[in-house]
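Throughout, a chain's letter reflects where its sequence line sits, starting with A, and its residues are numbered from 1. All figures in this text were calculated on a predicted structure; none of them were measured in a lab.
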Amino acid sequence: MRLKKFVVFAVILSVLFGIFIYSHSISAQTPTLYWGSSGRDVSNVQSKLSDWGYYNGPIDGVFGAGTADAVKRFQRNNGLGADGVVGPATWAALGFNVRGPATYQPSRGVSARDDVTLLARVIMGEAGDEPYLGKVAVGATILNRVASGKFPTTLAGVIYEPNAFESITNGIANQTPSQESLKAALDAINGWDPTQGALFFWNPAKPVSSWIWSRPIITQIGAHVFAK
Amino acid sequence: MKRWWIIPALVGVLAIAGLAYWGYGLSRDKQQYVTYLNNRNQGAFYNLVGHVENVEAMISKGVVANSPGQRMMIFADIWQQAYAAQQNLSQIPMTGPSVTRTSRFLTQTGDYAWSLAKKYSRGLTVKPEELQKLNELHTQAGYLAVELQKIERSAADGRLSWGEIKGAADRDLSKKVPPVPMGLQKIDKNMEAFPTLIYDGPFSDHITRQSPKGLTGNQINKDRAADIARSFVEAGTTNKYKTTKTENVNGTIPAFRIHLVPQNAKTPVVIVDVSKKGGHVLSMLNPRAVAKPEMPAGKAASIGSRFLAGQKINNMEPTYVIEQRNTGVVIFEYIQDGVIIYPDLMKVKVALDNGEVVGFEGTGFVMNHQTRKLSKPKISEKQALTAVNPQLKIKSKKLAVIPLENLQEILVYEFKGDLNGDNFIVYINAKTGKEEKILKVVNTNGGPVTM
């Protein structure tokens, strides 16, 4: 479930765009509308015609005289037979993307996104000697950053942000992660967060800058302090 | 004979020459790397300035534009430019409060503009207050652009070198703040006045500030918390446990952290977080190694159900089992009047070697759970189905409550379907009949995931 947070911005964009495009298309069947039809499809036609200045009646989802006139005027202006019936050609001219592609190629294979290993490597680099809970906590903190908006919005973006993590800067995180780190990464991705939303962690025994101590501290696990 | 030292001297000279040559090579390589890094940083910085200037210009266009279509396109542009700016900012080797604040500003500005664009796409109009907020963002963006231009100028005439900043590369986030250019520190001061942005998007301020809805009950002391933790752990195993340590967690839900070990052993240390108010178990983790599975992953669902029932946690239905590393992570959803309430979820992790419960996650449940007033759907399942792409082969349908990105909850019909072997979940608003959300089920090596 937590993996959802990982979904790169581009994917969110495409999903939103999907919603955006879909909200512009109507139910994918192409019902033929004529005098006496009613329902949401009629409202869609009415609002489109009203946007374009062909129709000034109420958008009530009832195909009456006013709608029929508007449809005829629209058809005349667009080189369609002015019969006042909304068939496939008129639907298309109205800009409704009615039909999906005839052939859809399913996605192949398994997604190679390997968030788990990437996260596990940083966990191992940053908290290799910490108790298990400390490892999960470091993983959760990194995931919290992705969701916060204060840091890059992808996992790789957060991890490879210059100077963000010592083990990345000095290359220690490039080793193969231990089994325990992999397990901790999975728990963090599955939603276990022993830090309740921390964005920072540091080792108080090492020299740290004063601003970091101004963050509200949530808890200490092993050698690390976790803070918002 | 007399010149016995000539050979050692020659060797010495050769060695020095070799060393010098080697050292020269190293320093040349290093110089090349420094230049390369400098160039990358410069590039990212110039891009950052450019994108921030674009954001500023686009916002003012958005304020001036007067038709929904034009505004929608401009808002989408702001989103894209702000995102690009944020990306470039994160590549420059600087950390610290000024950078996180600038980053948050860019993310929120883009996210906010995008939420406005979405409103138009749903046929809604943007309110004057929302344009006023946009206007405030414009002022901030203008300020940011000017400060960045100043830094750009000082970088151009050599007063600021990205190489110096690169020298800070051995610090982690916990250590000293790298030398942030003065200009950026000033930005920090000004950004503190940044308005609170509450809107319909994932980075809205109300999301980070949400408080737990399901935290009912009275304050408990730490002995009571230890008892709750122990009986919770013992309910999922045959071992007996004792408390070894109690700590405090001062997060969104203040809690006691109880450390437990089996009666006659030192490991594994099982950790249970129990809320100070009400004594709700927030999470439990038993880090023991799990051996080869002795049972199918499906068995985890029934073990988990029995465990939750034993804890008097009722109306939870297992919806999904993720099989990982010899464990089964079961996702339970709350059911109210037959409607599946997706925000109220719990996870139970079962070891598939002996059926022991080795993990529990209930923070999400405590954050979201409340008795909801469910309104009756305004449209029928059949009507809702007409809004779904007919190419999708529908495999299951049910009523559900789902959270939108802004945590607002809506009643929907959930249709799970298949398009030539790809699995999709489509949510149709049960009130308006609108297609609210489409999820695609993607198989990853960590198990199937929805995107």
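- Atom CD of B:Glu361 sits about 10.0 Å away from atom CG of A:Asp187, to the nearest 0.5 Å.
- With a threshold of 4.5 angstrom between heavy atoms, B:Arg288 approaches chain A through N, CA, C or O but not through any side-chain atom.
- Looking at B:Gln324, B:Lys349, B:Lys347 one by one, the single match for side-chain hydrogen bond (donor to acceptor under 3.5 Å, both in side chains) with A:Asn190 turns out to be B:Gln324.
- Heavy atoms of B:Thr432 lying under 4.5 Å from chain A belong exclusively to its backbone.
- We find the CD-CD1 distance between A:Glu161 and B:Ile92 to be 10.5 Å, quoted to the nearest 0.5 Å.
- Among A:Lys183, A:His224, A:Arg215, A:Gln196, the residue with the largest count of heavy-atom pairs under 4.5 Å with chain B is A:Gln196.
- Heavy-atom distances place both the backbone and the side chain of B:Val249 under 4.5 Å from chain A.
- Here the side chain of B:Gln86 pairs a donor or acceptor atom with the backbone of A:Phe151 at under 3.5 angstrom.
- When A:Pro216, A:Pro194, A:Gly157 are compared by the number of non-hydrogen pairs under 4.5 Å with chain B, A:Pro194 comes out ahead.
- Atom CG of A:Asn174 sits in a crowded spot, with more than 12 heavy atoms from other residues, nucleotides or ligands closer than 6.0 Å.
- Distance check: A:Leu133 CG to B:Asp273 CG gives 7.5 Å after rounding to the nearest 0.5 Å.
- The distance from the OG1 atom of B:Thr100 to the CZ atom of A:Phe200 is 5.5 Å, given to the nearest 0.5 Å.
- Heavy atoms closer than 4.5 Å to chain B are found in the side chain of A:Val136, but not in its backbone.
- Heavy-atom distances place no part of B:Tyr427 under 4.5 Å from chain A, backbone and side chain included.
- Here the shortest heavy-atom pairing between B:Phe360 and A:Trp192 reads O-NE1, 2.9 Å.
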A:Lys228/B:Thr252 under side-chain contact (heavy atoms from CB on, under 4.5 Å): CA gap, chis, key distance, verdict: CA-CA 10 Å; A:Lys228 270 234 152 83; B:Thr252 322; 3.5 Å; yes
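- For B:Met284, the part lying under 4.5 angstrom from a heavy atom of chain A is the backbone only.
- Taking each heavy atom of B:Ser90 and A:Pro152 in turn, the nearest pair found is CB-CG, 3.3 Å.
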Stepwise side-chain contact (heavy atoms from CB on, under 4.5 Å) check, B:Thr107 with A:Thr153: CA-CA 9 Å; B:Thr107 311; A:Thr153 44; 4.3 Å; yes
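- Here the CD1-CZ distance, from A:Ile221 to B:Arg257, works out to 4.5 Å after rounding to the nearest 0.5 Å.
- In this structure, chain A has heavy atoms under 4.5 Å from both the backbone and the side chain of B:Ile253.
- In this structure, CD in B:Glu247 is found 8.0 Å from CD in A:Gln220, a value given to the nearest 0.5 Å.
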